[in-house]
**Q** 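There's a structure below that I have some questions on.
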There are 2 protein chains.
Amino acid sequence: MSITLHDVARLAGVSIKTVSNVVHDSPGIRPETRARVLAAIEELGYRPNLTARGLRSGRTGAIGLVIPDLRNAYFAELAGAVMTAAHARGLYVLIEQISGYDKASELAVLRGPRMQLVDGILHSVLTLDDDDVGMLDLPTPLVLLGDRIFDGPTDHVTMPNVAGSRAATEHLLGLGCRRILALGAHPGEVAGSAALRLRGYGEALSAAGVPVHPELVIAVQDWQRFDGAAAMRAVIASGLEFDGIVAFNDPLALGALRVVLEAGLRVPEDVAIIGFDDIDETRYSLPTLSTIDPGRDEIAEIAVGWLVERIGAPRGSIAPREHETRVRLVQRESTTRS
Amino acid sequence: MSITLHDVARLAGVSIKTVSNVVHDSPGIRPETRARVLAAIEELGYRPNLTARGLRSGRTGAIGLVIPDLRNAYFAELAGAVMTAAHARGLYVLIEQISGYDKASELAVLRGPRMQLVDGILHSVLTLDDDDVGMLDLPTPLVLLGDRIFDGPTDHVTMPNVAGSRAATEHLLGLGCRRILALGAHPGEVAGSAALRLRGYGEALSAAGVPVHPELVIAVQDWQRFDGAAAMRAVIASGLEFDGIVAFNDPLALGALRVVLEAGLRVPEDVAIIGFDDIDETRYSLPTLSTIDPGRDEIAEIAVGWLVERIGAPRGSIAPREHETRVRLVQRESTTRS
DNA sequence: TTGAAAGCGCTAACAT
DNA sequence: ATGTTAGCGCTTTCAA
């Protein structure tokens, strides 16, 4: 069996209360007592039992991170950032992936048994939307990430979707592009990144007085390289003319890049391409990919901070807050015409 | 406060033992009693407190996964596979990243407070080697992943490093390549993937009667795209002749691919390139990248299974086991000459 | 400044 | 077939 407070207390010749006080640096302990206890702890190699502490205190010291898929580079990088932010506050992170692409799976994870042992949840919303905010009234403190729910019952941290894709589009317009594809639309979707990024695209064109051609808005199923490549094959086969691509995320852009090059077009001379998310890979493609940096570390830092505040505060005492990170356009070779 | 066994017992008019039995599907409960208890559970929305259960049973229901870096695609994909395997057994996964590239950081994570609340640890060894196995004598059941420690005190699951790079090299030899670069060596390293993969490369050449030229073995600092690109720039600048590249992982191969193409060489016609790990990205590069599939799902499945066995068995009762996954070469465009 | 004791919610040995 | 009860290791009043 492992060493308990009692063992330490016995060796030090004090009560367990005193040992506990020493462990917690509580004030009002005579230096010599403290030294004796510390020595006993050292000698026995005592380590507090976190489970027992959790049972007693009602806290586990863990936060849950609910994300769609760790295999997706964006979320893997986000998870890394969240872990860093959490560790800085002495918390650990329990990552859960949403198993299916539907509301039932998403709610199942949030309500599931695993999220029982966390003090709070960071949730990157996948399919839920404003109609479902009622379902988010969990007993556990919650902070939302992503772009599907804005008027939820709790804090929300997001990236500048509209401003980002607007900046991306303006960047291509500045290069002289006039027939810019918007790659990654989800037709019929109202909430969600696809809708917001499409809005930014439209705003940029309108502001520049460039007509918005519906045929330049390219729908895709998913946001993987595969989808970007497939969609671009169809575009090229159809003979549609274009001179720039604003892709709604980096994998889409990389998939499109590949097909565009295969078709014998030059990037950025014939077609300028820009992505969104600034995943690591964009630095190493050929050509390197311009993109929008979503401020992942900033998102993680704010979200964890807010969650910690909520965990420490009485339920309902904090009004929902909203934070959007700053836009930063990262220009690389795919949009740099010499 | 939350609902406890007592609340349910009171409502159902039974003792907490009976409720506990129902929750655990223990045999010997009259159907009508069970129905009554189930109804009470439903009515009150009772959820067992996992912390209390953990304190009582000495199990937490969690396993720890200690990996170098979630931002690395290989480990992110491995983590996903481990989570899937763990969930199938009703366990959750606590991921920890090793903060620094040194033995102290690595041991700190293994011994750290967070690994206290797991029943067992899956550890992808980063810097420890055979000299350090003594340090792995943890109180917690442990299964090792990776290629640095083979004669450790516990189970070890690995991929076919030697056989994989040998197969990769043989594949290029089969295409007619005779001056094949080995990209990714770590000079002086004995344990670790780099040494093993270099051995496989040498074995293939020797078996084919092709001389091993030391200048074709290219050392790199790290195994990122950046390093592959930098090393290849130096190679090309030096005027060294080569007609194939066996890269020791996929990012190295992708970095090299980029530089080779920039230099005006054709892939695979002038230079055939093959990587190692089969990360998702290899399906989408231009050209797509041939690689060695390390059997990630198989690794996760076996490792979690063995860890569960160790958790359930008395300490020291299971002799160390070893499992190496099967080699599978994935041929894609970068080595397909028509 | 330190000690004694109750109890967090659960499991399991022991009774009935 | 079901009930009683003693802890798991810790925190936390309440006393001394």
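So you know, we letter chains A, B, ... as the sequences are listed, proteins then strands, and number each from 1.
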**Q** Distance check needed: dC8(D) C1' versus Leu50(A) CG, whole Å only.
**A**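 It is 14 Å, rounded to the nearest whole Å.
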**Q** Can you tell me if Thr325(A) and Glu298(A) form a side-chain donor-acceptor pair at under 3.5 Å?
**A**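 Glu298(A) and Thr325(A) do not have a side-chain donor-acceptor pair below 3.5 Å.
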**Q** May I ask you to say whether Arg296(B) pairs ionically with Asp277(B), meaning some side-chain N is under 4.0 Å from a carboxylate O?
**A**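 No, this pair does not count.
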**Q** Of the options dC10(D), dT11(D), dT1(C), whose atoms approach the side-chain atoms of Ser20(A) most closely?
**A**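 So the nucleotide nearest the side chain must be dT11(D).
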**Q** Considering heavy-atom distances to DNA chain D, does Ser15(B) or Ala52(B) have its closest nucleotide positioned more toward the 5' end?
**A**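 The residue closer to the strand's 5' end, by nearest nucleotide, is Ser15(B).
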**Q** Give me the residues of residues 307-317 of chain A where at least one heavy atom lies under 4.0 Å from an atom of DNA chain D, by number, or none.
**A**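 Heavy-atom cutoff 4.0 Å gives no residues at all.
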**Q** Run the ring-ring contact (aromatic ring centres under 6.0 Å, His included) test against His156(B) and tell me which residues pass, sequence neighbours left out.
**A**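 ring-ring contact (aromatic ring centres under 6.0 Å, His included) list for His156(B), sorted by chain: Phe150(B).
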**Q** Is the shortest side-chain N/O distance from Thr51(B) to OP1 or OP2 of dC10(C) below 4.0 Å?
**A**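 For dC10(C), OP1/OP2 do not have a side-chain N/O of Thr51(B) under 4.0 Å.
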**Q** Can you check the Gln116(A) CD to dC10(C) C1' distance for me, whole Å?
**A**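 That distance rounds to 12 Å.
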**Q** Check whether any side-chain N or O of Ser317(B) sits under 3.5 Å from a backbone N or O of Ala313(B) as a donor-acceptor pair, and report yes or no.
**A**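 A pair under 3.5 Å: no.
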**Q** More than 12 heavy atoms of other residues, nucleotides or ligands under 6.0 Å from CZ of Arg321(A): yes or no?
**A**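 Counting other residues, nucleotides and ligands, CZ of Arg321(A) exceeds 12 neighbours.
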**Q** Asp132(B) side chain to Asp129(B) main-chain N or O, any donor-acceptor pair under 3.5 Å?
**A**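 Indeed, once roles are kept as given, a pair shorter than 3.5 Å links the two residues.
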**Q** Mind calculating the distance between CD1 (Ile16(B)) and P (dT4(D)) to the nearest angstrom?
**A**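 Rounding to the nearest Å, CD1 of Ile16(B) and P of dT4(D) are 10 Å apart.
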**Q** Select one nucleotide: of dG9(C), dT2(C), dT2(D), the one nearest the side-chain heavy atoms of Arg30(A).
**A**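 The listed nucleotide nearest to Arg30(A)'s side chain is dT2(C).
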**Q** Rounded to whole Å, how long is the line connecting atom NE2 of His6(A) with atom C1' of dA4(C)?
**A**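 Distance check: His6(A) NE2 to dA4(C) C1' gives 10 Å.
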**Q** In whole Å, what is the span from the CZ atom of Arg53(B) to the P atom of dC8(C)?
**A**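 Result: 18 Å.
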**Q** I'd like to know if the side chain of Glu106(B) and the backbone of Val125(B) have a donor-acceptor N/O pair within less than 3.5 Å.
**A**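 The answer is no, because no donor-acceptor pair under 3.5 Å joins these two groups.
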**Q** Between the protein and nucleotides 13-16 of chain D, list every N/O to N/O distance that falls short of 3.5 Å.
**A**
none

**Q** Determine the contact category for Leu5(B): base if any of its heavy atoms lies under 4.0 Å from a base atom, sugar-phosphate if only primed atoms, P, OP1 or OP2 are that close, otherwise nothing.
**A**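 Leu5(B): base contact, heavy atoms under 4.0 Å.
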**Q** So, under a plain 3.5 Å distance rule, would you say the side chain of Arg56(B) forms a donor-acceptor pair with the base of dG7(D)?
**A**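 Looking at the base of dG7(D), it does pair with a donor or acceptor on the side chain of Arg56(B) (distance under 3.5 Å).
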**Q** How would you label the contact of Ser57(B) with the nucleic acid (heavy atoms, under 4.0 Å): base, sugar-phosphate, or nothing?
**A**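 Here Ser57(B) touches no strand at all.
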**Q** What integer distance in Å separates Leu55(A):CG from dC10(D):P?
**A**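 That distance rounds to 12 Å.
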**Q** Do any N or O atoms from the side chain of Asp119(A) and from the backbone of Ile63(A) form a donor-acceptor pair under 3.5 angstrom?
**A**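 Not confirmed, Asp119(A) side chain does not pair with Ile63(A) backbone.
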**Q** If we ignore hydrogens and angles and just use 3.5 Å, is the side chain of Glu322(B) paired with the main-chain N or O of Asp155(B) as donor and acceptor?
**A**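 Between the backbone of Asp155(B) and the side chain of Glu322(B) there is no qualifying donor-acceptor contact (under 3.5 Å).
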**Q** Could you tell me the separation between the CZ atom of Arg59(B) and the C1' atom of dG9(C), rounded to a whole number of Å?
**A**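 So the CZ-C1' distance, Arg59(B) to dG9(C), works out to 19 Å.
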**Q** Does a salt bridge link Asp280(B) with Arg71(A), judged by any charged N lying under 4.0 Å from a carboxylate O?
**A**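 No salt bridge links Asp280(B) with Arg71(A).
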**Q** Classify Thr33(A) by what it touches in the nucleic acid, base, sugar-phosphate, or nothing, heavy-atom distance under 4.0 Å.
**A**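 Thr33(A): backbone/sugar contact only, no base atoms under 4.0 Å.
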**Q** Using whole Å, report how far CD1 of Ile3(B) lies from P of dC10(C).
**A**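 Atom-to-atom, Ile3(B) to dC10(C), this comes out as 10 Å.
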**Q** Is there a side-chain polar atom (N or O) of Thr18(B) under 4.0 Å from OP1 or OP2 of dG3(D)?
**A**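 So the side chain of Thr18(B) is within the cut-off, an N or O lying under 4.0 Å from OP1 or OP2 of dG3(D).
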